[in-house]
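Predicted model, so just to flag it, every value in this text is computed and none were measured.
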Amino acid sequence: MADVPLHQHWNDIYVKRWLVVLTATSSAAAAYIFSSLVTPVYEAKTTFFLAANASPISYVGPSPDAPPVPLLPMPEEKAAALDVGILRGREVRTRLADEFDLSVAEIARRVDVTVSGEFMIDVFVRNHDPDLAARIANEVPVVYSEFHEGSMRARATELAAALSK
């Protein structure tokens, strides 16, 4: 294959300059029309921390014995990954759907939960309305806290009932 000098390539481009200009212009017009027709989707992110060094529950009582082991679970190394399952669960999604008058399938499609650090939970919410996305993202830690507190109270009540028999 013979070596073609660089100026020959420029001559070829110059000869077909209208084709190059037409292609670039039509591509820019198509990109502009497409971007004008697409509805923007906004993403809100909430990060919350599951305390790794939570203070232990102290018991006050007349007994000089060592306090019993707490009935409530304390955070451990893999606790954040387990909580992702709770946040992706049906009950939390149902509470969010009821709170914001959306379907559970819509919440499942628009909310992503990941673990970003050992005890850091990231919640990403995508929606066409940026205010709604932000409100849903900010409500997730509250719903999780209420769910966690309710489940721990139910567990403590069950254990207390079992111990009182």
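- Looking at heavy atoms from C-beta onward, T46 lies out of side-chain contact with V140 at the 4.5 angstrom threshold.
- Applying the 6.0 Å contact sphere to CZ of R17 captures more than 12 heavy atoms from other residues, nucleotides or ligands.
- Between I136 and L102 the shortest side-chain heavy-atom distance falls below 4.5 Å.
- Here the closest non-hydrogen pair linking A108 and R93 is CB-NH1, 3.3 Å.
- For S145 (side chain) and P141 (main-chain N/O), no donor-acceptor pair under 3.5 Å exists by modelled atom type.
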Using the side-chain contact (heavy atoms from CB on, under 4.5 Å) rule, take K45 and D122 through it: C-alpha gap first, then chi angles, then the decisive distance, then the call.
CA-CA 7 Å; K45 175 184 174 189; D122 287 333; 3.5 Å; yes
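- Residue pairs meeting the side chain to side chain donor-acceptor pair (under 3.5 Å) criterion with at least one member in residues 99-112, sequence neighbours excluded: E106-R109, E106-R110, D112-R126.
- Between I121 and Y144 the shortest side-chain heavy-atom distance does not fall below 4.5 Å.
- The side-chain heavy atoms of F100 and L132, taken from C-beta on, include a pair separated by under 4.5 Å.
- Listed for the S164 side chain is a donor-acceptor partner under 3.5 Å among the backbone atoms of A161.
- Residue Y14 is found outside any hydrophobic cluster, as its side-chain heavy atoms come under 4.5 Å of no other Ile, Leu, Val, Met, Phe, Trp or Tyr.
- In this view, E43 satisfies the salt bridge (Lys or Arg N to Asp or Glu O under 4.0 Å) rule with no residue, not counting sequence neighbours.
- Of the possible polar contacts, one joining the H128 side chain to the P40 backbone as a donor-acceptor pair under 3.5 Å is found.
- Using a 4.5 Å cut-off on side-chain heavy atoms (C-beta onward), R95 and E139 make no contact.
- A search for side chain to side chain contact (heavy atoms under 4.5 Å, CB included) contacts involving A133 returns A44, V125, N127, not counting sequence neighbours.
- Taken together through direct or relayed side-chain contacts under 4.5 Å among Ile, Leu, Val, Met, Phe, Trp and Tyr, L87 and F124 form parts of separate hydrophobic clusters.
- Through direct or indirect side-chain contacts shorter than 4.5 Å among Ile, Leu, Val, Met, Phe, Trp and Tyr, I13 is connected to L6, W10.
- By the 4.5 Å side-chain criterion applied to Ile, Leu, Val, Met, Phe, Trp and Tyr, F34 is assigned to a cluster that also includes V38.
- From S151, atom OG reaches atom CD of E146 across 12.0 Å, with rounding to the nearest 0.5 Å.
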